[in-house]
Amino acid sequence: MKKLIESKLFPPLFFLVVLFVVWVGSIMIFKIPTYLLPSPLKIYNEIVQNFYLFVFNGYWTLVEAMAGYLLGGSFGFLLGSLLAYSKFFERGFLPYVVGATTIPIVAFAPLVIIYVGFGIASKIVIAAIVSFFPLTLYTLKGMQSSDLIHRDLFYVLAASRFNVFIKLQLQSALPYIFTAMKQTSTIAVIAAIIAEYIQADRGFGYLILQSSYVMDIPRMWSAVIFSCLLAMSFYGLVVLIERKFVWWHSSLKELKI
């Protein structure tokens, strides 16, 4: 029993059971109708009966989110590296990057759809936008966080600027970069779903919106749950990659991940 309680799976499973009990208990005690809050059993039946529907729409949301994530993250890393490499570019671009991060994605989405079109490309661009800015800022901060003593040592040893970048600045930036990658992995999924709300014929956002029109609350909740699982899986994949490349960082050692 003690080993079970101390295991990593026990806390999330415990709170899942608590949530389930509170959910079912609230429906029974307050007699909440299905059109307000369906029972977990009805949601389960909806998932079983229409599993292919959720897989099909989830596939397209995943494609949009992952493509935008990789596209925006790559450009964000490149721009962040450029800003760290040149003070001139940092002073010129950084105020606009910071300013753009304050614009909500719902303001970007209609404009992107107008300029890019109504297909999958607009959803990818929207997911790329929300992935771009955090990677830029975190990469810049990480590149600038390299220890001054180590930096002086590289210069004393006549290391090339390329070696300073690869072996010192990039290594120092990796924890920051993966922090941004974990943050944007879930935001990219949210951005893709928001874009599907505005205009789409497939995806979780489309499915949730269509379910709301006909008041199919069990299907709506099922799509929301699948969306959460998709974002969590994406986040978990980034965590696994982080363990592979940043295993030496003290935060991972202290947490014993």
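- Side-chain contact between Ser81 and Phe77: present, with at least one pair of heavy atoms (C-beta onward) separated by less than 4.5 Å.
- In the hydrophobic cluster analysis, where Ile, Leu, Val, Met, Phe, Trp and Tyr join through side-chain heavy atoms closer than 4.5 angstrom, Phe132 is grouped together with Ile194.
- Nearest heavy atoms, Val130 versus Ala188: CG2-CA, 4.1 Å.
- Tyr197 places a side-chain heavy atom less than 4.5 Å from the side chain of Ile208.
- With hydrogens and angles disregarded, a donor-acceptor distance shorter than 3.5 Å links the side chain of Ser122 to the backbone of Gly119.
- Taking both residues in full, the closest heavy atoms of Val116 and Val125 are given as CG2-CG2, 4.3 Å, listed atom of the first, atom of the second, then distance.
- Ile32 and Ile29 fall within a single hydrophobic cluster, where Ile, Leu, Val, Met, Phe, Trp and Tyr are joined by side-chain heavy atoms under 4.5 Å apart, directly or via other members.
- Residues Thr139 and Tyr176 fail the side-chain proximity criterion, which asks for heavy atoms closer than 4.5 Å.
- Atom-to-atom distance recorded for Met215:CE and Leu36:CG is 7.5 Å, nearest 0.5 angstrom.
- Proximity of Pro110 to Ile198: side-chain heavy atoms (C-beta onward) are separated by under 4.5 Å at one or more points.
- Remark: the backbone N or O of Leu229 is paired with a side-chain donor or acceptor of Ser233 at under 3.5 angstrom.
- Ring-plane geometry between Trp60 and Phe56 is classed as perpendicular, the angle between the planes exceeding 60 degrees on a 0 to 90 degree scale with a lower cut at 30.
- With rounding to the nearest 0.5 angstrom, the CD atom of Gln171 is 11.5 Å from the OG atom of Ser145.
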task = Could you walk me through whether Val214 and Arg219 pass the side chain to side chain contact (heavy atoms under 4.5 Å, CB included) test, one step at a time?
result = CA-CA 10 Å; Val214 296; Arg219 178 169 296 183; over 6 Å; no
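- Taken to the nearest 0.5 Å, the CE atom of Met143 stands 12.0 Å off from the OH atom of Tyr85.
- Aromatic ring orientation, Phe204 versus Phe226: tilted (interplanar angle from 30° to 60°).
- Under the 4.5 Å side-chain criterion, counting only non-hydrogen atoms from C-beta, Ile217 is in contact with Met220.
- No single ILVMFWY cluster, assembled from side-chain heavy atoms under 4.5 Å apart, contains both Tyr96 and Phe89.
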request  = May I have the step-by-step check of side chain to side chain contact (heavy atoms under 4.5 Å, CB included) for Leu174 and Phe178, ending in yes or no?
outcome  = CA-CA 6 Å; Leu174 281 178; Phe178 274 102; 4.2 Å; yes
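- The shortest heavy-atom contact between Ile27 and Ser39 is CD1-CA, 3.6 Å.
- Side-chain contact check for Met181 versus Tyr69: some heavy-atom pair is nearer than 4.5 Å.
- Summarising the geometry of Ala180 relative to Pro134, their closest heavy-atom pair is CB-O, 3.8 Å, with the distance given to 0.1 Å.
- Annotation for Gly205 and Glu196: closest pair N-OE1, 2.7 Å, computed over non-hydrogen atoms.
- Note that the CD atom of Glu64 and the CD1 atom of Ile193 stand 9.5 Å from one another [nearest 0.5 Å].
- Val224 and Tyr206 fall into different hydrophobic clusters, where Ile, Leu, Val, Met, Phe, Trp and Tyr side chains are chained together by heavy-atom contacts under 4.5 Å.
- A heavy-atom distance below 4.5 Å is found between the side chains of Leu94 and Leu140.
- Using cut-offs of 30° and 60° on the angle between ring planes, the pair Trp221 and Trp23 is tilted.
- The line from CD1 of Ile190 to OG of Ser185 is 9.5 Å long, rounded to the nearest 0.5 Å.
- Side-chain contact between Val239 and Tyr235: present, with at least one pair of heavy atoms (C-beta onward) separated by less than 4.5 Å.
- Taken from CE in Met28 to NZ in Lys31, the straight-line distance is 8.5 Å, to the nearest 0.5 Å.
- The shortest heavy-atom contact between Ala195 and Ile126 is CB-CD1, 3.4 Å.
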task = Mind running side chain to side chain contact (heavy atoms under 4.5 Å, CB included) on Thr184 and Val238 for me, showing each step along the way?
result = CA-CA 10 Å; Thr184 54; Val238 177; over 6 Å; no
message = Checking Asn45 against Gln49 for the side chain to side chain donor-acceptor pair (under 3.5 Å) test, could you report, in this order, the C-alpha distance in whole Å, the side-chain angles of both residues, the deciding distance, and whether it holds?
response = CA-CA 6 Å; Asn45 290 334; Gln49 293 172 6; 5.4 Å; no
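- Note: the hydrophobic cluster containing Leu19 does not contain Leu37 (ILVMFWY, side chain heavy atoms under 4.5 Å, direct or indirect links).
- Not one N or O on the side chain of Lys123 forms a donor-acceptor pair closer than 3.5 Å with the backbone of Ile113.
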